[in-house]
*Asks:* 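Dumping the structure here so I can ask a few things about it.
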There are 2 protein chains.
Amino acid sequence: MSVSGNTPSRGRPKTLEREHVLKTALMCYWADSPTDVPISEICDKAGASKPGLYREFGSDDGLKEATLDIYNEKVSQRRYDILASDQPFDEVLEALISHTVQDRKKAGVPNGCLLFAMRARREEFGPLTLAKIDQLRENSLGHYRRWIDRAKSNKQFRCDMPTDVAALYFDAQMGSAMRLQKEGISNKVIAEILRTAFSVFR
Amino acid sequence: MSVSGNTPSRGRPKTLEREHVLKTALMCYWADSPTDVPISEICDKAGASKPGLYREFGSDDGLKEATLDIYNEKVSQRRYDILASDQPFDEVLEALISHTVQDRKKAGVPNGCLLFAMRARREEFGPLTLAKIDQLRENSLGHYRRWIDRAKSNKQFRCDMPTDVAALYFDAQMGSAMRLQKEGISNKVIAEILRTAFSVFR
DNA sequence: TTAATTTCGTAACTATAGGTACGTAAAGTG
DNA sequence: CACTTTACGTACCTATAGTTACGAAATTAA
């Protein structure tokens with residue numbers, strides 16, 4: 001059961017590479033559509049067996065939940081770091097836009113955002129994935145709220161919108177940007193749209 | 001095959017009510033998620049048999065295509081009418097927002113927008129539905145573009161954004177609104193977000 | 001070396017959902 | 001009334017994808 005981390009000592013040694021499987025699953029779900037990737041495809045690409053995956057993650061649902069966790073940790077965290085910076089509001093805004101429209105090919109990652117893609121398909125997931133989607137979404141809104149509140153107290157936020165609504169506004173704009181990117185709209189146009197949408201705050 | 005409209009004259013008379021089936025399918029797809037409704041469920045709710053549906057629509061793909069058509073005709077058309085009005089830009093903008101955040105319960109229709117919901121799941125449909133999604137999407141953008149161009153020539157559009165980008169902007173904002181509505185965000189908040197997003201044009 | 005333990009992976013099982021074969025029913029035609 | 005035509009719907013077929021039973025393999029403990 002691999003209770004904690006190390007020295008099970010007895011029995012056949014484990015060969016399944018959890019991290020490798022999760023990275024494989026992440027790229028599959030992210031590049032494609034999360035609900036269109038069968039477990040067997042992830043097994044093939046990761047070089048693992050199906051029962052192996054089930055032993056490690058319990059179910060399809062569990063695998064998706066775990067994948068969302070590493071997506072948050074390895075991808076979304078970048079954005080949270082930007083939001084947590086203590087630079088002036090305008091500069092953070094610009095950094096946010098630059099980060100959003102960066103060339104994904106160069107960075108070696110797919111277009112779009114896995115979390116938004118999964119939110120758009122809420123109904124198709126199991127309870128674990130669903131709870132994780134909601135948790136990460138709320139987490140994301142929290143980062144926006146804290147950033148906005150700081151900007152407000154620094155008199156850098158030129159809009160009388162309530163913080164929670166403004167957070168929804170940012171989240172919605174980022175979501176649109178990610179969808180447009182996934183649809184193949186150029187990053188130049190997406191940046192123009194984001195700058196327009198965010199211009200109401202400066 | 002019911003070639004055109006009338007007088008097949010010979011053979012057992014047809015009992016399948018095409019319009020009724022389409023309305024049933026529309027409500028199922030719209031209220032739920034279009035990819036989560038099995039054909040058999042639509043058959044049950046519409047009181048039709050599976051082979052009956054297949055005779056009429058050819059396939060699951062064909063049924064979805066036909067459903068999108070009546071959605072466009074009976075639902076989206078309302079929005080196009082608003083955009084085609086010759087009222088001042090600001091008033092059309094406000095009418096657009098009101099129409100978007102109208103109480104769906106009272107109107108007896110589900111939250112969200114079927115076309116946006118299907119666009120978010122592009123990969124999960126067959127070729128007919130896919131082509132129809134793209135056609136209606138392009139159609140929708142065209143309505144925005146014509147409206148924007150008229151506003152520009154009337155000097156009512158206070159923004160130097162290219163028309164096609166502005167159309168994408170409108171489309172993106174409406175998409176966000178529909179998704180927020182589907183997620184249960186109050187229409188009041190959605191209206192506030194839309195007004196903020198559109199305030200850049202006035 | 002044998003037993004105990006743990007993991008491995010092939011080869012199933014199962015449920016779901018799209019799709020259809022085919023015999024029957026209901027109409028007009030001669 | 002037989003014959004032709006058209007549509008009906010039950011009962012099946014099939015493919016896919018999540019899931020697991022189970023015997024073999026690899027390791028440590030006695």
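In the text below, chain A, chain B and the rest are named by the order of the sequence lines, each starting its count at 1. Just so it is clear, the model here is predicted, and its values are computed rather than measured.
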*Asks:* Would you kindly give the CG-to-P distance between B:Asp36 and C:dG18, to the nearest whole Å?
*Replies:* 11 Å
*Asks:* Any side-chain N or O of B:Ser9 below 4.0 angstrom from OP1/OP2 of C:dG28?
*Replies:* no
*Asks:* Return the value, rounded to whole Å, for the distance between atom CD of A:Glu17 and atom P of C:dG9.
*Replies:* 11 Å
*Asks:* How far apart are the C-alpha atoms of B:Met174 and B:Leu96, what are their side-chain angles, what is the distance that settles it, and do they pass the side chain to side chain contact (heavy atoms under 4.5 Å, CB included) test?
*Replies:* CA-CA 9 Å; B:Met174 299 301 281; B:Leu96 196 60; 4.2 Å; yes
*Asks:* Would you kindly give the CG-to-P distance between A:Leu16 and C:dT6, to the nearest whole Å?
*Replies:* 18 Å
*Asks:* Looking only at side-chain N and O atoms, does A:Tyr54 come under 4.0 Å of OP1 or OP2 in D:dT19?
*Replies:* yes
*Asks:* Do the charged groups of B:Arg137 and B:Asp171 touch, with an N to O distance under 4.0 Å?
*Replies:* yes
*Asks:* In this structure, which one of A:Trp147, A:Tyr169, A:Tyr144 forms a ring pair (Phe, Tyr, Trp, His ring centres under 6.0 Å) with A:Phe201?
*Replies:* A:Tyr169
*Asks:* Looking at D:dG18, D:dA26, D:dG9, which one has an atom nearest to any side-chain atom of B:Arg55?
*Replies:* D:dG9
*Asks:* Using whole Å, what does the distance between atom P of nucleotide C:dA17 and atom NZ of B:Lys64 come to?
*Replies:* 11 Å
*Asks:* Salt bridge check: are A:Asp149 and A:Arg145 linked by an N-O gap of less than 4.0 Å?
*Replies:* no
*Asks:* Can you tell which of D:dG18, D:dC8, C:dA26 lies closest to the side chain of B:Pro13?
*Replies:* C:dA26
*Asks:* Before accepting this row, confirm whether a basic side-chain N of the pair A:Arg122/B:Glu183 lies closer than 4.0 Å to the acidic partner's carboxylate O.
*Replies:* no
*Asks:* For nucleotides 1-3 of chain C, print each protein N/O atom paired with a nucleotide N/O atom at under 3.5 Å, atom names and distance only.
*Replies:*
none

*Asks:* What is the minimum heavy-atom distance between A:Val101 and A:Ala191, and which atoms define it?
*Replies:* CG1-N, 3.9 Å
*Asks:* Carefully, step by step, assess A:Lys182 and B:Glu123 under the rule salt bridge (charged side-chain N to carboxylate O under 4.0 Å, His left out).
*Replies:* CA-CA 12 Å; A:Lys182 190 109 196 175; B:Glu123 308 81 8; 5.7 Å; no
*Asks:* Kindly say whether, by distance alone, the side chain of B:Arg12 makes a donor-acceptor pair under 3.5 Å with the base of C:dG28?
*Replies:* no
*Asks:* Taking atom C1' of C:dA15 as reference, at what distance in whole Å does atom CG of A:Asp60 sit?
*Replies:* 15 Å
*Asks:* Less than 4.0 Å between a side-chain N and a carboxylate O, is that true for B:Glu124 and B:Lys64?
*Replies:* no
*Asks:* Under 4.0 Å from any atom of DNA chain D, heavy atoms only: list the residues of residues 38-53 of chain B that qualify, in numerical order.
*Replies:* B:Ser49, B:Pro51
*Asks:* Indicate yes or no: does B:Lys23 engage B:Glu17 in a salt bridge with an N to O separation below 4.0 Å.
*Replies:* no
*Asks:* What is the separation between atom NZ on B:Lys14 and atom P on D:dG9, rounded to the nearest whole Å?
*Replies:* 12 Å
